[in-house]
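The first residue of the sequence shown is numbered 1, and numbering continues consecutively from there.
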Amino acid sequence: MEVGMQGGRLVEPDSKIVSPTLSADEVSHLAVDIGGSLIKLVYSSINHNSGIDDKEKKSSKECSVVPNGSSNYPVICGRLHFAKFETSKINDCVEFILSKQLHRGGSWHHETFGNDKKAIKATGGGAYKFADLFKEKLGVSLDKVDEMDCLVAGSNFLLKEVHPEAFTYIDGREEYVQIDINDLYPYLLVNIGSGVSMIKVDGDGKFERVSGTSVGGGTFWGLGKLLTKCKSFDELLELSHKGNNRVIDMLVGDIYGGTDYTKIGLSSTNIASSFGKAISENKELEDYRPEDISRSLLRMISNNIGQISYLNALRFGLKRIFFGGFFIRGHAYTMDTISVAVNFWSKGEAKAMFLRHEGFLGALGAFRSYESHSFDANMTH
Ligand SMILES: Nc1ncnc2c1ncn2[C@@H]1O[C@H](COP(=O)(O)OP(=O)(O)OP(=O)(O)O)[C@@H](O)[C@H]1O
Ligand SMILES: CC(C)(CO)[C@@H](O)C(=O)NCCC(=O)O
């Protein structure tokens with residue numbers, strides 16, 4: 001996945017970055033977000049000669065978006081690259097970094113300016129847990145950046161600079177949302193990773209983590225793995241496409257003899273109890289199709305997160321809720337369930353929106369933190 005980058009690194013029209021060691025399209029900076037389930041990398045390459053040329057864009061196998069915003073200044077042509085690895089396979093990640101020499105990026109100006117050339121920005125719990133491993137295998141230190149700071153910085157960057165980034169998912173249709181950057185705050189950011197963080201965002205660097213839940217993406221993947229014997233997250237997600245949650249979930253109609261419970265606003269098809277049917281049937285786990293289990297699980301977790309998110313939005317009078325994190329994976333059923341939950345509980349008052357770069361908020365935030373240090377100053381030097 002790639003992103004053309006503006007990122008605020010503007011240079012005066014005639015200024016040049018001179019580096020004897022850089023060739024065109026060389027990696028300049030790397031940031032990592034090491035979470036409970038996944039490691040996310042964001043790195044930039046700089047092309048000194050031209051803008052992002054069309055041929056190159058077309059040849060890219062991965063998604064590419066160009067940030068919004070025009071400038072009268074030539075922008076240092078850069079491209080953001082995204083990659084992810086399972087945290088349990090951290091050695092693959094290390095291999096990838098080594099093979100592309102990503103950890104060497106940025107050393108050109110660091111050498112010039114005498115900074116610590118062997119530190120990369122890192123966020124997530126793994127920035128602590130795996131610091132020794134990075135030092136040992138790559139010879140780099142991890143310059144730790146707070147996870148919540150990074151999530152918010154990444155989200156604000158995407159919402160302000162990258163269009164189209166946020167979209168609603170209603171009745172099976174994605175619709176991109178025009179963001180008015182003068183009317184962006186406050187909003188609720190719900191990051192669904194292994195666990196879930198809910199953050200009230202009031203501005204750049206102005207936020208409060210107002211809630212969270214341990215029932216998140218790790219729960220879906222962990223329980224799903226145990227219950228279906230799936231070998232990968234993608235397989236589990238794929239199964240959910242073909243499943244029917246009504247086989248396992250107890251519906252209002254199952255309890256009310258097929259009728260709605262109109263008085264409290266529940267229709268016969270609403271879920272009364274997730275997985276509730278399993279208690280009344282003389283069935284073993286093997287008697288259920290993995291597809292149905294996956295679907296019920298996905299529904300249960302997405303619905304629960306949607307509901308808690310709405311309650312927190314209500315607590316603070318927030319109308320906009322942006323959902324990020326790799327649990328979402330642009331998956332239709334997940335987004336639909338979350339959207340319906342938010343819409344249902346808020347009676348249409350609050351809106352669920354999703355971010356295209358969902359799982360990369362933290363890594364992007366860490367990447368952006370180079371700017372506040374030497375990166376920006378040196379780049380514009
Ligand atoms: N290929 C994959 N392998 C494993 N999990 C995946 C994959 N793709 C999506 N997921 C889902 O995404 C979740 C991880 O999301 P994300 O990377 O945003 O969080 P994290 O940083 O690992 O977690 P935390 O922030 O809680 O430490 C997993 O728990 C799983 O539900
Ligand atoms: C612990 C973190 C922040 C690590 O990313 C995340 O997994 C999370 O927000 N978990 C939910 C914890 C809770 O608030 O109950």
I need the minimum non-hydrogen distance between [X] and [Y], along with the two atoms involved.
X    : Y    : answer
S339 : F354 : OG-CE1, 3.4 Å
D143 : A119 : CB-CB, 4.3 Å
A272 : I255 : CB-CD1, 3.5 Å
I192 : G217 : CG2-N, 4.1 Å
V162 : E165 : O-CB, 3.1 Å
D249 : S296 : OD1-OG, 3.3 Å

Cation-pi between K144 and Y128: NZ/CZ under 6.0 Å from ring centre and within 45° of the ring axis?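 Verdict for Y128: a cation-pi partner in K144.
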Do we get K347 above W345's six-membered ring, with its NZ or CZ under 6.0 Å from the centre and within 45° of the axis?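 Cation-pi check for K347 and W345: fails.
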Is there a donor-acceptor contact under 3.5 Å from the side chain of [X] to the main chain of [Y]?
X    : Y    : value
R289 : K242 : yes
S346 : V342 : yes
E238 : D234 : no
D202 : F207 : no
D149 : V145 : no
N304 : I301 : no
D33  : K40  : no
T87  : S37  : yes
R329 : G359 : no
R320 : L184 : yes

Could you tell me the separation between the [atom1] atom of [X] and the [atom2] atom of [Y], rounded to the nearest 0.5 Å?
X    : Y    : atom1 : atom2 : value
E281 : I248 : CD    : CD1   : 8.5 Å
S274 : N303 : OG    : CG    : 6.5 Å
I321 : N312 : CD1   : CG    : 8.5 Å
N270 : M250 : CG    : CE    : 14.5 Å
I328 : L237 : CD1   : CG    : 11.5 Å
L361 : S155 : CG    : OG    : 5.5 Å

Any chance NZ of K283 has more than 12 other-residue heavy atoms, nucleotides or ligands included, within less than 6.0 Å? yes
Give a yes or no on whether D287 atom CG has more than 12 heavy-atom contacts from other residues, nucleotides or ligands under 6.0 Å away. yes
Using side-chain hydrogen bond (donor to acceptor under 3.5 Å, both in side chains), reason through D204 and N156 one step at a time and then give a plain yes or no. CA-CA 7 Å; D204 276 330; N156 282 344; 3.2 Å; yes
Would you confirm whether the ring centroid of [Y] sits within less than 6.0 angstrom of the ring centroid of [X]?
X    : Y    : value
F157 : F367 : no
F85  : F96  : yes
F220 : F327 : yes
H357 : F82  : yes

Are V140 and L133 linked, directly or through intermediate hydrophobic residues, by side-chain heavy-atom contacts shorter than 4.5 Å (ILVMFWY only)? yes
With clusters defined by side-chain heavy atoms of hydrophobic residues (ILVMFWY) lying less than 4.5 Å apart, directly or transitively, does Y43 cluster with V94? yes
Would you say [X] and [Y] make side-chain contact, with heavy atoms under 4.5 Å?
X    : Y    : answer
L364 : L158 : yes
I199 : V152 : yes
K129 : I34  : no
M335 : F323 : no
R246 : N244 : yes
F360 : E358 : no

Using side-chain hydrogen bond (donor to acceptor under 3.5 Å, both in side chains), reason through H81 and S44 one step at a time and then give a plain yes or no. CA-CA 6 Å; H81 305 257; S44 58; over 6 Å; no
Can you list every pair that meets ring-ring contact (aromatic ring centres under 6.0 Å, His included) and has a residue in residues 257-289, with sequence neighbours left out?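 For residues 257-289, and leaving out neighbouring residues, the ring-ring contact (aromatic ring centres under 6.0 Å, His included) pairs sorted by first residue read Y256-Y261.
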For E95, what residues pass the salt bridge (Lys or Arg N to Asp or Glu O under 4.0 Å) criterion, not counting sequence neighbours?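 In terms of salt bridge (Lys or Arg N to Asp or Glu O under 4.0 Å), with neighbours along the sequence ignored, E95 is linked to no residue.
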Donor-acceptor side-chain pairing of R79 and S45 below 3.5 angstrom: no
Between S240 and H331, does any side-chain donor sit less than 3.5 Å from a side-chain acceptor? yes
